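Input: a single structure, listed below in structure tokens.
This structure is a prediction, so every number in the text was calculated from the model and none was measured.
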Amino acid sequence: MVCSGFGKLSKLRHLENLDLSYNRLNDSTLSSLSKVSTLKSLNLSGNVLFTGPHQTNAHLKWLSKLGNLETLDLSETKMKNNLLHLGGLSSLTTLKLEGNHLEGRIHLQELCNLTNLKILDLSDNRIESIRSFHGNGRQLNLINLEEIDLSDNMFNNSILAELSGFSNLKSLDIRWNKLNGSIDAKGNILCLRKLKTLYLTESYYLNETVAIQELQVLSNVENLFLDFTPLDISLLKSIGILTSLKILSLSYCDLNDSLPAHQGLCYLNNLEELNLNGNALSGAIPSCLGNLTSLRYLDISNNRFTGNIASTPLTNLTMLQFISLSKNQFQVPVSFNSFANHSHLEVLLADENKLVAEPIGFHIWRPKFQLKIFSLFNCTIEEHGTLRLPNFLYFQHDLRSVDLSLCNFGELRFPHWLLQNNTRLEKLILKDSSIVGPLSLSPHPNSKLSVLDISNNKIQDEIPRNFCSLFPHLQYLFMSQNALTANIPLCLGGLRRLGMLDLSHNSLFGEIPEELGMSLSLFYLRLSNNSLSGKIFPKFYHLFNSLAALYLDGNKLEGKILDFSPISFKNLELDVSDNHFYGKLPRWLWNNTELEILDFSKNHFEGPIPMGLCNLVNLEFLDLSLNHLSGTIPSCSNLQRVLHVHLAKNKLGGTLSDALFINSSLVTLDLSENNITGRIPDWISTLPALSVFLLKANQFEGEFPVHLCRLQSLSILDLSQNKLSGHIPSCLSNLTLKPRSEKSYTGSSEFGLLLFDEVMVDMGLMMYNLIGGSEDDKDYPFTFQEEEVEFSTKGARYTYKGNILELLSAIDLSCNQFTGIIPPGLGNLSEIRGLNLSHNNFTGPIPTTFSKLKQIESLDLSYNNLNGRIPPQLTEVTTLEVLSVAHNNLSGPLPDRKNQFGTF
């Protein structure tokens, strides 16, 4: 809209509310708005209205003509400290200046004419101080100010003194500032006698927020938020004097010990909402908590509470609408009849507790409540596999979200009745819930369902052909790790809202439906580890062009991946490994600069690795192993984010004289089973994070590279089957070989289920609206890529991943031409689990220091020229499973057959 266009708005004689937020408007463009004198509310947030290093009174001068304006939002407009251009808006009641460039000391006296101002938002700036007095000491005229938001600034403790003149203030938000030590509540907050809501959330540096003896100055406060502020348990013993409290939020305040009984907290009879989430509170819930009969919201999750829920005072809190018991050590009766009289209950969360059976003779009960959200995620079941789903669920008709994942109820059939009875159900999560048999569905459609997760079960047979018509608005569908068969239904490609689809790890066969390839809504598609076949090019090029994540690995797909000219790339993860693709690596791949995960391994690709690889500056994971690639490896010193590189089992040649990857992040470098020649270069020692270094079965020569001793992160080293010679340097014993979590790269992500937004708003609970959410708004995790490393030990070749890979520490120097004695210092490698020095020309005795290898499981010294006896001290190594000293010149008696030697 051009400048004159805004002037035409003056013809709308009754226009009162105008929202122009987040456009590209500037001050001069908006000046014609001065003609729209009827405006009462104007939102200009997100526009760049203040430009240049110096802002003058001329900025927004036209605003002064809007004499009826009551609400003005200038958030995120790059405003600096000059507030004079706002001083003439005498009718203003609400002013929002959030997220600007206000900094240091600002002068609120510039707003002295705003005598009707009630709400002022200065949050998310860098303000250190405000002047609430005129130069002559006369107080500001902001006498009607009721609510001020100063959160996320640079204020220190003096801010309370600066605010003491605002005697009508009802709400004060000073979260996320630089408050330090303790607050002089008596001297400052006492002046704010009308204060009803106080936010001190995330005041990390406060030793004691308010001295216990000064709590009475908060006697009129109704809503108190101290989340993420270190507190002592004594606060809960004394807080009973704050009898006006209706909302108390103390999440993540380092509170420990048990809740005080018969004092403090139990006397807050007006309390309606209580949040104790994320502390270290333990023991039983005191019976006096049952006195809080006005409670509507109770979150005691993420603590260490114990006891059977049936015997807690929670049974008395019949006004509860929301309760979270999650992540404690409660025993929860599977009937949940402890809440039989809670007719207002809408949200019940009991994740990660122990589910127990009812006593013999217990009768099914009909609940008085109708839940909207119910979650039993990751419960421990006392009678493993013998409990059934809570019976009260059969009587629920208004559920919006149900999570029963990671609970083993025995062989459970898919609960189609949940969908039939609850037509407004949006999220149904039954991951790893021991569901067996076919996917039997109700014939009645459920148009609200947006998330369905039935992965990690034993569901059999094909996906029902009417599946898409029953759930037309699905956005997230997870059916991986089941026993599904037959073809992928064609209709899945027609689900217009479907964004994530995971059918991996099943027994699906046939071709990928062309309709799926043309979906405009999909951004994540995983079809891994099935028996899908056929060619994917050219009809599926759209998948490579539009998806953020595409996983086709572990199938029987074939053909060439052709070159094409995509409009734009969205791929962040691309995995087509373990198929039958052939030809050269496609050129378009190297233009995808946003790519983070690239796995083309276990195929039949040939030709060189292009220099275009160096364009992938965001790459973290690269696997081109088990192909027929040839030529030299490109030197890509600009790949600063790459963590894991697998190029094993190809036909790559040349030397490593030029640095391949010089960055401080590289964790895994696997070049095994190629034809690389020359010496192991010095630049390897410039990789401080390198933990897995595999050069097995190449043509490397020369002596053992001493510079490898400087790799203090190294834990797996395989130089076997090369032409290395000379002595093993004693510095090798300097390696720590400690477990490294970085080795087990897991490509994973999460998406918010937004379970609570609508439900909590409808319930009218202030806790949710004021603090902006709940921990139980779950971020839903999923794993799509996992680092794997092949390593030979104990006489066999194994694939390691996850926690096992983290713990593995091993050295394999076998099948080379090393000579001399085995350095006794190798006995200092106390973390090593596998050591293979076989098929070399070592001489001398077996070092007695090997008795200090207290973690070693496999020791292979065979096919050398060692002499002397097997050290009897080796019997002290109780972890040893495999010992091979065959084909040496050893003599003398064998060690006593005790400990592990008794099993050989």
When you look at CZ of Phe414, are more than 12 heavy atoms from neighbouring residues, nucleotides or ligands closer to it than 6.0 Å? yes
Student check: side-chain heavy atoms of Leu714 and Val692 closer than 4.5 Å: no
Do the side chain of Asn816 and the main chain of Phe704 share a donor and acceptor less than 3.5 angstrom apart? no
Side-chain (Thr655) to main-chain (Gly678) donor-acceptor, under 3.5 angstrom: no
Does Lys602, at its NZ atom, have more than 12 non-hydrogen atoms belonging to other residues, nucleotides or ligands within less than 6.0 Å? no
Is any side-chain heavy atom of Leu477 closer than 4.5 Å to a side-chain heavy atom of Leu498? yes
State the CZ-CG distance between Phe600 and Asp575, to the nearest 0.5 angstrom. 9.0 Å
Can you measure from OG (Ser792) to CG (Asp718) and round to the nearest 0.5 angstrom? 7.0 Å
Hey, does the side chain of Glu514 reach the backbone of Glu511 with a donor-acceptor pair shorter than 3.5 angstrom? no
Decide whether Thr593 and Asn615 meet the rule of one side-chain donor and one side-chain acceptor closer than 3.5 Å. no
To the nearest 0.5 Å, tell me how far Glu881 CD sits from Glu857 CD. 5.0 Å
Please tell me if the side chains of Asp812 and Ser720 come closer than 4.5 Å, counting only heavy atoms from C-beta onward. yes
Evaluate the criterion side-chain contact (heavy atoms from CB on, under 4.5 Å) for residue pair Leu439 and Ile454; output intermediate values, then yes/no. CA-CA 10 Å; Leu439 185 59; Ile454 52 175; 3.9 Å; yes
Mind checking whether Trp588 and Asn592 have side chains closer than 4.5 Å, heavy atoms only? no
How far apart are the closest heavy atoms of Asn674 and Ser672, and which atoms are they? ND2-O, 3.1 Å
Check whether the side chains of Gln481 and Asn456 place a donor and an acceptor atom closer than 3.5 Å, and report yes or no. yes
So, Asn529 and Ser504: side-chain donor and acceptor under 3.5 Å apart, yes or no? no
For Arg679, enumerate each residue passing the side-chain hydrogen bond (donor to acceptor under 3.5 Å, both in side chains) test, keeping only those at least two apart in sequence or located in another chain. none
Shortest non-hydrogen contact between Arg496 and Ser521, atoms and distance: O-CB, 3.2 Å
Quick one: does Leu589's side chain get under 4.5 Å of Leu574's, heavy atoms only? yes
Can you tell me how the ring of His839 sits relative to the ring of Tyr863, calling it parallel under 30°, perpendicular over 60° and tilted otherwise? parallel
Could you tell me if the side chain of Leu694 sits less than 4.5 Å from the side chain of Ile716, heavy atoms only? yes
Side chain Asn650, main chain Asn627, donor-acceptor under 3.5 Å: yes
Output yes when Glu790 and Arg797 qualify as a salt bridge under the 4.0 Å nitrogen-oxygen rule, no when they do not. yes
Looking at CG of Leu441 and CD1 of Ile463, how far apart are the two atoms once the value is rounded to the nearest 0.5 Å? 10.5 Å
Run the side-chain contact (heavy atoms from CB on, under 4.5 Å) test against Ser685 and tell me which residues pass, sequence neighbours left out. His707, Arg710
Verdict with supporting geometry, Leu613 and Ile633, side-chain contact (heavy atoms from CB on, under 4.5 Å): CA-CA 10 Å; Leu613 172 67; Ile633 304 171; 5.9 Å; no
For the pair Asn530 (side chain) and Leu503 (backbone), establish whether a donor and an acceptor sit closer than 3.5 Å, ignoring hydrogens and angles. yes
Taking the side chain from Asn579 and the backbone from Leu557, do they hold a donor-acceptor pair closer than 3.5 Å? yes
Do Lys723 and Gln817 pair up side chain to side chain, a donor and an acceptor below 3.5 Å, judged on atom types alone? no
A side-chain contact here means heavy atoms from C-beta on lying under 4.5 Å apart; do Thr793 and Asn836 qualify? no
For a side-chain contact (heavy atoms from CB on, under 4.5 Å) check, start with the C-alpha distance between Gln712 and Thr736, then their side-chain angles and the critical distance, and finish with the verdict. CA-CA 6 Å; Gln712 287 303 301; Thr736 60; 3.6 Å; yes
Looking only at heavy atoms, the pair that brings Ser375 and Asp351 closest together is OG-OD1, 2.6 Å
Parallel under 30°, tilted from 30 to 60°, perpendicular over 60°: which one fits the rings of Phe523 and Tyr476? perpendicular
Closest non-hydrogen atom pair, Phe818 against Asn840: N-OD1, 3.1 Å
Rounded distance (nearest 0.5 Å) linking atom CG of Asp682 with atom OG of Ser657: 11.5 Å
Scan residues 449-512 for pairs that pass disulfide bond (SG atoms under 2.5 Å apart), counting only residues two or more places apart or in two chains. Cys468-Cys491
So do the side chains of Asp599 and Leu624 get within less than 4.5 Å of each other, counting heavy atoms only? no
Do the side chain of Asn603 and the main chain of Phe581 share a donor and acceptor less than 3.5 angstrom apart? yes
Do Tyr551 and Asp502 pass the side-chain contact (heavy atoms from CB on, under 4.5 Å) test, and can you show the C-alpha distance, the side-chain angles, and the key distance before you say yes or no? CA-CA 9 Å; Tyr551 289 85; Asp502 189 349; over 6 Å; no
Val667 versus Leu690, closest heavy-atom pair with distance: O-CD1, 3.6 Å
Are Thr485 and Gln460 close enough, and set up right, to give a side chain to side chain donor-acceptor pair (under 3.5 Å), and what steps lead you there? CA-CA 7 Å; Thr485 58; Gln460 302 169 341; over 6 Å; no
Heavy-atom pair of closest approach, residues Leu829 and Leu732: CD2-O, 3.7 Å
Gap between atom CZ of Phe478 and atom CE of Met500 - 0.5 Å precision: 4.0 Å
Using a distance-only test with no angle check, is there a side-chain donor-acceptor pair under 3.5 angstrom linking Ser691 and Ser715? yes
With distance as the sole test, does Ser519 use its side chain to make a donor-acceptor pair with the main-chain N or O of Leu516 at under 3.5 Å? no
Aromatic ring proximity, centroids under 6.0 angstrom, Phe791 and Tyr800: no
For Glu411 and Ser434, does a side-chain donor sit closer than 3.5 Å to a side-chain acceptor? no
Does this structure show an ion pair linking Lys738 with Glu831, if we count only N-O contacts that are shorter than 4.0 Å? no
Does any N or O in the side chain of Asn457 come within less than 3.5 Å of the main-chain N or O of Ile435, such that one atom is a donor and the other an acceptor? yes
For His646 and Phe621, take the angle between the two ring planes, folded into 0 to 90°, and tell me which bin it lands in: parallel under 30, tilted 30 to 60, perpendicular over 60. tilted
Would you find a donor on one side and an acceptor on the other, under 3.5 Å apart, between the side chain of Asn506 and the backbone of Met479? yes
Inspect the surroundings of CG in Leu562 and state if more than 12 heavy atoms from other residues, nucleotides or ligands are less than 6.0 Å away. yes
